[in-house]
Amino acid sequence: MLDIKLIREDPDRVRAGLKTRHSPVDVSAVLELDERRRAAITEGDRLKALRNEISKKIGALKKAGEDTTEIQRQTREMGEQISALDAQLREIEEAQRQLVLAIPNLPHESVPSGDDALDNVVVREWGRKQTFDFEPKDHVALGEALGLFDFERAARMSGAGFPLFKGPGARLERALIQFMLDLHATRHGYVEISPPFLVTTATMTGTGQLPKMADDMYRVPGDDLWLIPTAEVPVTNLYREEIIREPLPLKFVAHTPCFRREAGSAGKETRGLIRVHQFDKVELVKFVPPGTSYDELEKLVADATAVLEALGLTYRVLQLCSGDMSFAAAKCYDLELWAPGFNGWLEVSSCSNFEAFQARRAGIRWKNPEGKTEFVHTLNGSGVALPRLVVALLENGQQPDGSVVLPEALRPYLGGLERLEPPPK
RNA sequence: GGAGAGAUGGCUGAGUGGCCGAAAGCAACGGUUUGCUAAACCGUCGUACUGGUAAUAACCGGUACCGAGGGUUCGAAUCCCUCUCUCUCCGCCA
């Protein structure tokens, strides 16, 4: 949520920022409502002050034994007037809130302007694209031959897009989760969290998923609950409506399943594990002092890429352009893995600085060293998402005989296993 | 799921219709004292919105907030209703 004061005092800057995001939001409607809101507050407060004064007087008069019937009648009328004004104010505030909640964050000045993914900028590449002296297979062919998953039976129980890992596939998932959690918790100083997977509407609104993304999420009928699309939601909301007393920065890592309806993306890059309705992810979340959030973003990217480097996977870092950033982000890097069978780059992480956008929605504040209460900056990034990581591991490690060599860093988590081999016939 | 108790400022905890934005203690912060530490003493010490002087710093004023929402009343932390959460006991249960 943008600061209403910023919208009021520098509407042109807001308009310019929103324009680079192709956001059709009408700022003048907000300004007009704000004008009316403040007028209603001024008038209402004036009447309330008057009533408080008179009420006090009535108390004194009664104590003195005087008749207050007439003055009470008048004050009652004033009360009705106040109720009417309050009702009107509530309407205005709600209308304004709805408008402001739908406004995306302003891009940071370092964000390149652009229309879509084509305008994103490659910041750097790490590793070399693997070459093979045979025709590389894709992860579906490899995984099925190795008996790692069973998409058909999973589809029978849940519909398309729900993966099922099996045997060494399931163990590989578990090993990767463990490996990443250990790396971030012990080496990078993140505190591990295991949060709820179902959260309320207020929680979803705090991080910005609602109201905009309602159609992309699963909802539990009968209860005011939604399935989380990312651990960002419960972890960032850890401090919702709080003034944080612990010293900043606070850093958390969480492994959770993620549920996404992926409405409207049917048929688009959906083969195998590329785009699924349920997947596991290790997520990093930070609460930091406002002045440090851009440094913290760079460190976050370093922490996430450390996973990829430890696994020896070729990746690149993209800086997203203004038109391709998510709703709440002020600046965002995507991390993509090279997948030879897919013959393309796969996004496995998105690292964003939200500045105070989420903190303002969710009411997350701290006391700065000057003793002033202010909103913190929040950041998060995947560290990293599982299924596409598995895709890259399989496709990069594949051998001519259909086996897959596993990265050394992972072997301790697999009981020393060095490669995945097809099961004996 | 049943019965009961409770929810007040960072914490503990008073407050049962006007003198309460809220006692007291603790913690925190500033200061005095001190060779240093401790102690003692003095002071400060919630949040949001809003009006004014003014530079979005500071100051003065107003309003609202005592779990959330509604009601009674001239006036509600205090009375009534609904909801949420916490605790205790019973039942059920991975």
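All values below were derived from every heavy atom in this structure, side-chain atoms included, with hydrogens, water molecules and symmetry-related copies excluded. Throughout, a chain's letter reflects where its sequence line sits, starting with A, and its residues are numbered from 1.
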| For the residue pair A:Phe259 and A:Phe197, is the inter-centroid distance of their aromatic rings smaller than 6.0 Å? | no
| field | Donor on one side chain, acceptor on other, A:Thr203 and A:Asn237, under 3.5 Å | value | no
| said: Checking side-chain contact (heavy atoms from CB on, under 4.5 Å) between A:Phe252 and each of A:Asn380, A:Leu238, A:Leu284, which is the one that passes? | reply: A:Leu238
Distances for protein N/O vs nucleotides 25-31 of chain B N/O pairs under 3.5 angstrom?
none

| message | Per the side chain to side chain donor-acceptor pair (under 3.5 Å) rule, what does the pair list look like for residues 74-86 of chain A, sequence neighbours excluded? | response | A:Lys48-A:Asp86, A:Glu70-A:Gln74, A:Arg73-A:Glu77
| task | For RNA chain B, find the residues of residues 202-211 of chain A with a heavy-atom distance under 4.0 Å and give them by number; none if there aren't any. | result | none
| task | Can you run down the salt bridge (charged side-chain N to carboxylate O under 4.0 Å, His left out) pairs that involve residues 145-162 of chain A, sequence neighbours left out, and say none if there aren't any? | result | A:Asp150-A:Arg153
| query | A:Leu346 versus A:Glu336: any side-chain heavy-atom pair under 4.5 Å? | reply | no
| said: Whether the A:Thr68 and A:Gln72 side chains hold a donor-acceptor pair (N or O, under 3.5 Å, no angle test) is what I'd like checked. | reply: yes
| Set of side chain to side chain contact (heavy atoms under 4.5 Å, CB included) partners for A:Thr186, sequence neighbours left out | none
| message | I need a per-nucleotide contact map over nucleotides 47-54 of chain B, read 5' to 3'. Cutoff is protein heavy atoms under 4.0 Å; write B for the base, S for backbone only, - otherwise. | response | SSSSS---
| remark: Residues at least two apart in sequence or cross-chain that pass side chain to side chain contact (heavy atoms under 4.5 Å, CB included) with A:Asp295, listed by chain then number, are none
| field | Watson-Crick and G-U pairing of RNA chain B, under 3.5 Å, as dot-bracket with | and [ ] | value | ((((((((.[[[..)..(.....]]].(((((.......))))).((((((((....)))))))).[[[[[..)....]]]]])))))))....
Polar pairs (N or O, both sides) under 3.5 Å between protein and nucleotides 75-86 of chain B?
| residue | atom | partner | partner atom | Å |
| --- | --- | --- | --- | --- |
| B:G75 | O4' | A:Ser55 | OG | 3.2 |

| query | Partners of A:Glu296 by side-chain hydrogen bond (donor to acceptor under 3.5 Å, both in side chains), sequence neighbours excluded? | reply | A:Lys286
Cut-off 3.5 Å, no hydrogens considered: what does the side-chain donor-acceptor table look like for residues 209-222 of chain A, sequence neighbours left out?
| residue | atom | partner | partner atom | Å |
| --- | --- | --- | --- | --- |
| A:Gln209 | OE1 | A:Thr207 | OG1 | 2.8 |
| A:Tyr218 | OH | A:His277 | ND1 | 3.4 |

| field | A:Arg38: side chain to side chain contact (heavy atoms under 4.5 Å, CB included) partners, not counting sequence neighbours | value | A:Arg8, A:Asp34, A:Glu35
